[in-house]
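Below: the structure, in structure tokens.
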Amino acid sequence: MHAKNRIPSSGHSTPSPPASPLRSPRYRHGRKPGRFSPFLPGRTIAHRLAWLLLSVLLRRQGIFLFAPLIYISGMLLYMGTVSFDVVPVIKHRPAPGSVYRSPQLYEKLKIDMNADNSSVDAISTIWKNSYKGREWRPCVSKSFEGLPESNGYIYVEANGGLNQQRTSICNAVAVAGYLNATLLIPNFHFHSIWRDPSKFKDIYDEDYFISALKNDVQIVDKIPEYIMERFDRNMTNVYNFRIKAWSSIQYYKDVVLPKLLEEKIIRISPFANRLSFDAPPAVQRLRCLANYEALRFSSPILNLGETLVARMKELSANSGGKYVSVHLRFEEDMVAFSCCVFDGGEQEKEDMTKARERGWKGKFTKPGRVIRPGAIRINGKCPLTPLEVGLMLRGMGFDNNTFIFLASGKIYNAEKTMAPLLEMFPNMQTKEMLATEEELAPYKNFSSRMAAIDYTICLHSEVFVTTQGGNFPHFLMGHRRYLHGGHSKTIRPDKRKLALLFDNPNIGWKSFKRQMLNMRSHSDSKGFELKRPSDSIYTFPCPDCMCRTNKSAADSRSSSATTQSVSGAFRIFFRDLDSLEPTQKPLFFALYRATQECTIWSAAMTIFRGGVSDAVFVMYIILIYSQLGFHFAVHNEEASSSSAAESLTFHPPRKAQFLDRASFPAPSSLSQFHGNEDDKRIVHTGPNPLHN
């Protein structure tokens with residue numbers, strides 16, 4: 001039976017579609033309960049709100065058309081409320097070691113430093129490696145034969161300060177001797193930086209200089225009249241060679257000598273650093289002879305210097321007449337040239353600007369030149385202040401009773417900067433304090449003569465401390481090596497490491513002192529060094545100017561030391577003799593007796609046969625120890641591995657210990673400054689206060 005159609009008929013009937021079959025309630029379409037339902041129990045309010053918002057967006061997709069308009073409207077509204085005249089401030093954190101904070105560190109460490117009584121007498125125990133110096137002695141040979149006829153005259157102009165002029169003198173002697181020429185006493189060039197009109201004879205003993213070299217180089221104090229007539233008696237009319245810095249001696253032979261033979265007189269100006277450090281032995285011998293034997297200060301300077309040395313030794317009688325000398329470079333021109341920033345504020349900035357313009361007009365204000373004081377300090381190029389020198393020396397173990405001689409010019413802002421150093425070392429002396437006004441009066445207006453007095457006092461000190469590069473410390477180190485058997489007895493601080501330590505506010509006194517003692521020990525180990533091809537012979541006289549002591553005596557000392565070390569090793573074995581098994585003891589004593597016999601036999605052969613016995617002795621020692629090691633290894637095989645592991649102690653190397661104890665963060669950018677820490681070349685860069 002069909003259901004009635006409620007719609008009126010249009011004249012014909014259309015069958016209606018069949019009704020949908022009834023379905024079970026479990027198949028009814030509805031929301032499946034799932035993890036995305038916002039109404040599940042356990043959902044937080046935040047989850048429900050997020051789900052509702054997401055469902056609205058998905059169901060009403062038209063809202064995405066208005067989203068960019070809403071975003072742009074919001075940005076315009078925000079931009080209208082912000083003032084663009086205000087620039088956001090970005091705080092810059094300076095790199096470690098780039099800021100001068102030494103005064104703050106001094107105030108922090110002062111109490112613990114003054115309370116520290118653990119230091120031994122540092123001045124008597126500082127040089128533990130100086131025994132190596134016994135192997136070297138001065139051996140500059142002099143010629144005893146007459147000189148051949150001269151090829152002509154050489155006139156040089158020595159520019160720079162005292163020790164740069166000394167370089168020119170020694171190089172001129174070497175060139176003149178190599179070319180078989182007659183050297184005219186060098187003329188010292190007057191410069192506005194040093195302002196010293198002194199002549200050669202005012203600083204050096206001219207007669208002694210000529211006589212000491214008379215069999216090696218002919219030296220005169222004036223050119224013959226018949227030669228000067230050709231040039232109207234005017235030295236500026238003489239042909240002048242403009243020679244490149246660090247030229248080889250072969251250049252002088254190939255280029256200079258032909259002109260010398262033609263003109264019979266030549267002039268070389270300027271002459272500082274115009275000869276390479278790497279030269280044949282004949283040239284190096286003349287350099288050694290001139291620097292260490294022929295050049296002697298004039299009698300007035302030498303007598304005053306020796307008098308002041310005697311006074312320093314008398315003052316330091318409680319330390320056995322030993323004193324410390326410090327070369328401090330904190331003059332105004334040095335501070336200005338370094339471009340470093342200290343704690344003087346605007347007044348310091350104004351003073352340094354005037355000093356740079358006065359000494360180096362336009363050099364530091366060239367367009368495009370960028371000066372970065374922080375990078376200069378991190379790289380260890382800033383001069384140490386008096387306060388930093390005092391902190392360093394106290395950390396190295398020198399107490400406030402140590403007598404210190406300070407070699408320096410006029411210290412910048414001395415009333416303020418010198419106060420902390422005098423507080424830490426009240427026994428500090430200068431040449432002005434040691435000498436009377438009458439004694440210093442003839443030298444006060446002559447910087448080179450005053451530097452010569454400082455040189456003499458520093459030369460005879462037990463410890464020399466250099467705080468900045470330059471010719472003065474380089475010449476002193478070489479001269480001290482020449483006098484002390486090859487050891488310079490000089491403290492050369494690592495200024496890159498010091499910059500980090502002085503800028504570390506968290507470091508304590510014990511940690512700081514440990515770092516300084518390591519630095520002192522490093523200077524001791526570097527006191528004895530041999531010259532490399534690119535090094536200066538005036539800093540490293542070994543082996544060109546010095547010879548080893550008697551080889552047989554050295555061999556006997558070496559053999560004796562080896563015998564003592566072997567005996568010491570067996571004494572250590574005897575301490576553990578009770579731990580050996582009864583079957584091991586006879587073998588051990590037999591081997592010990594055999595070793596003693598071999599040692600006596602080796603000592604006898606050392607006397608009669610020299611070096612062969614050393615080789616035989618070493619072979620016997622290797623054989624005996626290998627047998628001992630093999631025997632004990634076999635019999636102790638069943639020893640427990642755990643007990644062996646407990647008996648081992650790991651000792652990291654000294655450098656690893658230092659790095660492990662370091663309490664300051666090293667900057668990651670420091671790798672760009674891995675240059676040579678202490679440039680051993682004496683390079684002239686113009687009127688540089690470093691080179692005096």
Side-chain angles (χ1 to χ4, degrees), residues 142-160 164-190 199-276 279-291 294-295 684:
K142 295 183 179 181
S143 177
F144 297 99
E145 300 178 357
L147 294 172
E149 184 179 355
S150 174
N151 291 327
Y153 294 86
I154 294 180
Y155 168 79
V156 300
E157 289 187 1
N159 55 320
Q164 192 162 325
Q165 292 171 349
R166 192 180 184 110
T167 305
S168 301
I169 296 169
C170 298
N171 288 345
V173 169
V175 170
Y178 190 79
L179 300 182
N180 188 29
T182 301
L183 177 65
L184 182 66
I185 289 291
N187 179 51
F188 290 166
H189 179 69
F190 178 83
K199 303 300 180 184
F200 186 95
K201 63 181 179 181
D202 297 325
I203 300 175
Y204 299 104
D205 190 336
E206 186 175 302
D207 295 334
Y208 182 82
F209 180 71
I210 294 175
S211 62
L213 296 169
K214 63 181 180 180
N215 293 324
D216 296 277
V217 181
Q218 187 175 354
I219 303 175
V220 296
D221 57 355
K222 67 177 182 178
I223 303 295
E225 190 68 22
Y226 73 92
I227 294 180
M228 291 304 299
E229 288 179 355
R230 294 167 44 202
F231 304 98
D232 297 331
R233 295 180 177 84
N234 189 353
M235 190 60 71
T236 59
N237 295 330
V238 178
Y239 181 82
N240 183 32
F241 265 98
R242 306 292 293 186
I243 297 177
K244 293 182 179 180
W246 316 113
S247 296
S248 66
I249 194 65
Q250 190 64 34
Y251 174 84
Y252 287 88
K253 183 178 180 180
D254 296 340
V255 179
V256 179
L257 181 59
K259 193 69 175 180
L260 176 65
L261 293 173
E262 177 185 348
E263 297 287 338
K264 291 303 179 182
I265 181 174
I266 59 172
R267 179 166 61 101
I268 306 177
S269 176
F271 192 67
N273 306 314
R274 292 304 188 267
L275 181 61
S276 171
V283 176
Q284 302 291 54
R285 183 186 72 85
L286 292 174
R287 279 172 155 171
C288 297
L289 186 61
N291 186 49
L295 276 180
H684 176 62

Quick note, salt bridge (charged side-chain N to carboxylate O under 4.0 Å, His left out) partners involving residues 237-253, not counting sequence neighbours, are none
Separation between CD (Glu206) and OG (Ser211), nearest 0.5 Å, reads 11.0 Å
Taking every heavy atom of Val217 against every heavy atom of Gly177, the minimum-distance pair comes out as CG2-CA, 3.7 Å
For Ser269, the side chain to side chain donor-acceptor pair (under 3.5 Å) test, sequence neighbours excluded, returns Glu157
| task | Determine whether more than 12 heavy atoms belonging to other residues, nucleotides or ligands lie under 6.0 Å from atom NZ of Lys264. | result | yes
Close side-chain approach of Tyr252 to Val283, heavy-atom, < 4.5 Å: no
Q.
Using side-chain contact (heavy atoms from CB on, under 4.5 Å), reason through Ile223 and Phe231 one step at a time and then give a plain yes or no.
A. CA-CA 11 Å; Ile223 303 295; Phe231 304 98; over 6 Å; no
Residues at least two apart in sequence or cross-chain that pass side chain to side chain contact (heavy atoms under 4.5 Å, CB included) with Asp254, listed by chain then number, are Gln250
Would a distance-only check, ignoring hydrogens and angles, find a side-chain to backbone donor-acceptor pair under 3.5 Å from Asn234 to Thr236? yes
So ring-ring contact (aromatic ring centres under 6.0 Å, His included) across residues 204-230, not counting sequence neighbours, yields Phe200-Tyr204, Phe200-Phe209, Tyr204-Phe297
Name the atoms and distances for all side-chain donor-acceptor pairs under 3.5 Å in residues 147-154, with sequence neighbours left out.
unit_1, atom_1, unit_2, atom_2, d
Ser150, OG, Gly152, N, 3.1
Ser150, OG, Gly152, O, 3.0
Ser150, OG, Thr182, N, 3.2
Ser150, OG, Thr182, OG1, 2.8
Asn151, ND2, Leu179, O, 2.8

One should read off an interatomic distance between Leu275 CG and Trp246 CH2, to the nearest 0.5 angstrom, of 9.0 Å
dist Arg230:CZ -> Asn237:CG (nearest 0.5 Å) comes out at 11.5 Å
Minimum side-chain heavy-atom gap Val156-Ser168 below 4.5 Å = no
Between the CG atom in Leu289 and the CG atom in Leu295, the distance rounded to the nearest 0.5 Å is 9.5 Å
For Cys288, the disulfide (SG to SG under 2.5 Å) test, sequence neighbours excluded, returns Cys545
Those residues at least two apart in sequence (or on a different chain) that pass salt bridge (Lys or Arg N to Asp or Glu O under 4.0 Å) with Lys259 are Glu263
Across all chains, not counting sequence neighbours, the salt bridge (Lys or Arg N to Asp or Glu O under 4.0 Å) partners of Glu229 are Arg233
Contacts of Phe241 meeting ring-ring contact (aromatic ring centres under 6.0 Å, His included) (sequence neighbours excluded), chain-then-number -> Tyr239
Across all chains, not counting sequence neighbours, the side chain to side chain donor-acceptor pair (under 3.5 Å) partners of Tyr178 are none
Closest non-hydrogen contact found for Gln164 with Ala272 is NE2-CB, 3.5 Å
In terms of heavy-atom contacts, Leu260 and Ala181 come closest through CD2-CB, 3.8 Å
So CD of Gln218 and CG of Leu213: to nearest 0.5 Å the spacing works out to 12.0 Å
- Are side-chain heavy atoms of Ile169 and Phe188 found at a separation under 4.5 Å? yes
With sequence neighbours left out, the residues meeting salt bridge (Lys or Arg N to Asp or Glu O under 4.0 Å) with Arg285 are Asp216
Between the CG atom in Leu184 and the NZ atom in Lys222, the distance rounded to the nearest 0.5 Å is 11.0 Å
Across all chains, not counting sequence neighbours, the side chain to side chain contact (heavy atoms under 4.5 Å, CB included) partners of Gln284 are Ala279, Arg287, Lys531, Ile537, Asp544
In short, Arg274 meets Ile243 closest at the heavy-atom pair NE-O, 2.7 Å
